[in-house]
Amino acid sequence: MEGNSGGGGGGGGGGGNDVELLCKTLQVEHKLFYFDLKENPRGRYLKISEKTSATRSTIIVPFNGISWFLDLFNYYVNSDDDQQDVFSKELQLDTKVFYFDVGENRRGRFLKVSEASVSRNRSTIIVPAGSAQDEGWAAFRNILAEINEASRLFISPNQTSEPSERLGLSDDVGAGFISSHSSQSGPTADLSVERTIDLPAADEVSNLGVSKVIRADQKRFFFDLGSNNRGHFLRISEVAGSDRSSIILPLSGLKQFHEMVGHFVEISKDRLEGITGANVRTIDSPQR
DNA sequence: ACGGCGT
């Protein structure tokens with residue numbers, strides 16, 4: 001197995017064991033913003049860094065504050081370009097306070113986001129509004145929205161306080177996969193989906209705790225979300241007997257993959273109806 | 001290409 005590939009993955013990073021769940025970059029004018037959704041034993045957080053040729057500034061957003069950031073950026077995106085009626089905002093998260101202020105100089109309008117905490121010096125990022133339609137803010141908002149959505153896909157091994165709720169998300173994924181091309185109310189009639197939550201030991205950093213398996217004929221297919229220093233992927237492993245082979249699907253291709261499978265489900269409907277239940281076994285046979 | 005903030 002790949003074992004502890006996490007050791008060499010991101011090159012460490014001074015933070016310690018923090019795992020990168022999601023990384024995005026956004027360029028606005030000449031600034032580069034890095035969004036890193038990370039996780040450590042204390043929980044998840046979003047690190048937003050502003051990078052210019054000479055300057056680097058970072059704020060740390062607690063995980064439960066991402067949606068608030070999204071709301072606030074929406075507020076400034078939707079505000080009128082006349083800045084008279086745009087207000088400063090404060091957002092308290094845990095022990096931190098974030099200040100949102102709109103300013104303007106000869107370079108244009110900008111949104112200043114400052115993080116004030118008890119222990120650290122204040123840190124600030126400044127987001128240009130952009131040329132028109134507040135496109136810089138809107139792009140920033142869109143990244144936040146993507147992160148907010150994507151973060152719901154991942155089960156945090158360290159945030160299992162409400163496991164049933166987390167598992168419900170897995171149900172959404174499984175049901176949607178089938179139901180988008182089938183009107184059957186019971187998508188698991190032919191293939192039963194079993195959830196396995198095997199919390200990996202510290203050595204398998206890439207496994208984020210999302211794992212499912214289906215069985216067809218004598219084969220089992222394991223679906224695992226993972227990530228490495230090149231991003232996020234879905235690993236689909238086919239296991240038959242003692243043989244195992246995998247494909248690694250970058251999440252950027254997941255939707256196309258879904259559509260492609262749906263296409264073949266559609267054109268194979270006749271055959272599927274003919275063999276329903278014959279070649280497909282459920283993984284959890286009733287014990288009788 | 002910028003550079004805003006505040007010490």
Side-chain angles (χ1 to χ4, degrees), chain A residues 10-11 13-16 18 20-40 42-151 230-231:
Chain A
D18 296 7
E20 287 186 346
L21 300 178
L22 192 56
C23 298
K24 291 180 178 293
T25 62
L26 168 68
Q27 185 171 359
V28 181
E29 297 176 1
H30 100 289
K31 282 187 174 176
L32 201 52
F33 292 94
Y34 297 89
F35 299 78
D36 297 310
L37 184 66
K38 292 194 163 194
E39 181 176 86
N40 61 27
R42 301 191 193 287
R44 285 180 283 188
Y45 62 90
L46 177 63
K47 184 177 83 169
I48 304 177
S49 291
E50 166 198 313
K51 175 78 168 56
T52 62
S53 53
T55 317
R56 165 180 50 84
S57 187
T58 296
I59 61 173
I60 302 292
V61 184
F63 183 76
N64 63 359
I66 295 175
S67 59
W68 292 107
F69 260 64
L70 178 57
D71 290 347
L72 281 168
F73 266 86
N74 261 323
Y75 166 75
Y76 290 105
V77 168
N78 296 328
S79 67
D80 231 331
D81 281 4
D82 309 328
Q83 72 179 63
Q84 291 91 314
D85 54 353
V86 181
F87 297 99
S88 295
K89 299 281 185 182
E90 290 185 20
L91 174 62
Q92 171 134 24
L93 297 168
D94 301 337
T95 62
K96 297 176 175 177
V97 183
F98 292 91
Y99 300 95
F100 291 73
D101 297 290
V102 173
E104 182 166 15
N105 59 20
R106 65 184 184 281
R107 303 285 187 190
R109 298 208 306 153
F110 57 86
L111 178 62
K112 180 181 65 163
V113 183
S114 289
E115 168 194 340
S117 61
V118 286
S119 57
R120 292 179 166 272
N121 289 331
R122 194 161 70 81
S123 55
T124 300
I125 63 171
I126 293 177
V127 185
S131 56
Q133 315 289 339
D134 296 338
E135 63 184 31
W137 295 349
F140 201 101
R141 182 269 319 271
N142 292 341
I143 298 276
L144 288 174
E146 292 174 16
I147 293 172
N148 194 41
E149 281 300 307
S151 65
R230 296 179 56 182

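Atoms considered below: every heavy atom in the structure, side chains included; atoms not considered: hydrogens, waters and symmetry mates. Lettering follows sequence order; numbering is per chain, from 1. All values reported here derive from a predicted model rather than from experimental measurement.
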Legend entry - Sole candidate of A:W68, A:F73, A:F69 that passes side chain to side chain contact (heavy atoms under 4.5 Å, CB included) when paired with A:D71: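 For A:D71, the side chain to side chain contact (heavy atoms under 4.5 Å, CB included) check succeeds only for A:W68.
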
Inset, instruction - Check every strand shown and say whether A:S57 touches a base, only sugar-phosphate, or nothing at a heavy-atom separation below 4.0 Å. - result: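 No contact.
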
Legend entry - Interatomic spacing from CZ in A:R109 to CH2 in A:W137 - rounded to 0.5 Å: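 Taking CZ in A:R109 and CH2 in A:W137, the distance rounds to 4.0 Å.
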
Legend entry - Interface residues of residues 120-127 of chain A with DNA chain B (non-hydrogen, below 4.0 angstrom):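 Correct list: A:R122, A:T124, A:I126.
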
Legend entry - Start and end of chain A contact along DNA chain B [non-hydrogen atoms, under 4.0 Å]: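 The contact span of chain A on DNA chain B goes from B:dA1 to B:dG6.
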
Inset, instruction - Mind checking side chain to side chain donor-acceptor pair (under 3.5 Å) for A:D36 and listing every partner two or more places apart, or none if nothing turns up? - result: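 If we apply the side chain to side chain donor-acceptor pair (under 3.5 Å) test to A:D36, skipping adjacent residues, there are no hits.
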
For a quick test of your reading: what N or O donor-acceptor pairs under 3.5 Å do the side chains of residues 141-148 of chain A make, sequence neighbours left out?
{"unit_1": "A:R141", "atom_1": "NH1", "unit_2": "A:N74", "atom_2": "OD1", "d": "2.5"}
{"unit_1": "A:N142", "atom_1": "ND2", "unit_2": "A:A138", "atom_2": "O", "d": "3.3"}
{"unit_1": "A:E146", "atom_1": "OE1", "unit_2": "A:K24", "atom_2": "NZ", "d": "3.0"}

Inset, instruction - Tell me, please, which residues at least two apart from A:K47 pass salt bridge (charged side-chain N to carboxylate O under 4.0 Å, His left out). - result: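 Once residues adjacent in sequence are excluded, A:K47 has no partner under the salt bridge (charged side-chain N to carboxylate O under 4.0 Å, His left out) criterion.
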
Legend entry - salt bridge (charged side-chain N to carboxylate O under 4.0 Å, His left out) partners of A:E115, counting only residues at least two apart: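 Only A:K96 meet the salt bridge (charged side-chain N to carboxylate O under 4.0 Å, His left out) criterion with A:E115.
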
Legend entry - Contact check, side chains of A:V127 and A:F33, non-hydrogen atoms, under 4.5 Å: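 A side-chain contact exists here, since the closest heavy-atom pair is under 4.5 Å.
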
Inset, instruction - Measure the shortest side-chain to side-chain distance between A:D134 and A:Y76 over non-hydrogen atoms and say whether it is less than 4.5 angstrom. - result: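 Not in contact.
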
